[in-house]
Amino acid sequence: MTQPTQPTQPTQPPEGPQRVRITSSRRPTIRPSEHSLRDDIRNQTELGEVYVDGLMRGQLRLALRVILVGVFSLGGLPLLFHLVPATRRASVFGVPFAWLVLGLVVYPTAVLMARQYVRASERLEAEFTAVVTRGEGPGR
C-alpha cells in the first residue's frame with residue numbers, strides 16, 4: 001500500500017541580492033561624436049563653465065533688478081512718511097494711513113514681486129536647459 005503524498009510547499013528564493021551573470025567585462029565607450037554639452041557642464045570644462053556663468057549672470061541681474069525695485073518702491077515709503085508729515089497723522093476710518101499702506105500696499109507688492117522673481121528665474125533655467133539639450137543633438 002502506498003501512502004498518500006503530502007503536497008510540497010514551494011521553495012522560497014533565499015533573501016538577499018539576486019545573482020547576476022556577467023557576460024562581458026567591456027564597458028561601452030563614449031565616442032567623440034557622442035560628446036554632449038551636459039558632459040561639458042558636468043565635467044566643468046571651459047565651455048561648460050561659460051554656459052553656467054551665463055546662467056549665473058542672468059540670475060544675478062534678475063536678483064539685482066528685484067532688489068532695486070524693492071529698495072526704491074518699498075524703501076521710499078519711510079522717506080515719504082518722514083518728508084510729508086500729514087501722512088503720519090492721517091487716518092482712514094480710525095486706522096492710521098501708514099498701517100493701511102503697509103497692509104494693503106507693501107505686503108501684496110512684496111508677494112507679487114516674489115512671484116514674478118520665481119517665474120523669471122524658472123524661465124531662465126528653462127532656457128538654459130533648452131540650450132543644453134539642444135546642444136546634445138545628433139548633429140553635434
Roughly how far, to the nearest 0.5 Å, is CE of M56 from CZ of F128? 10.5 Å
Rounding to 0.5 Å, atoms CD (E125) and CD (E127) come to a distance of 10.5 Å
What's the separation between atom CZ in R61 and atom CZ in R57, rounded to the nearest 0.5 Å? 7.0 Å
So, the side chain of T109 versus the backbone of V105: is there a donor-acceptor pair under 3.5 Å, distance only? yes
Listed pairs under 3.5 Å, donor-acceptor, residues 64-91 side chains, sequence neighbours left out:
from: S73; atom 1: OG; to: V69; atom 2: O; distance (Å): 2.6
from: T87; atom 1: OG1; to: V84; atom 2: O; distance (Å): 2.6
from: R88; atom 1: NE; to: F81; atom 2: O; distance (Å): 2.9
from: R88; atom 1: NH2; to: H82; atom 2: O; distance (Å): 3.4

Looking at every heavy atom in both P108 and G103, which two are closest together, and how far apart are they? CD-O, 3.6 Å
In the hydrophobic cluster built from side-chain contacts under 4.5 Å, what are the other members alongside L104? V92, F93, V95, W99, L100
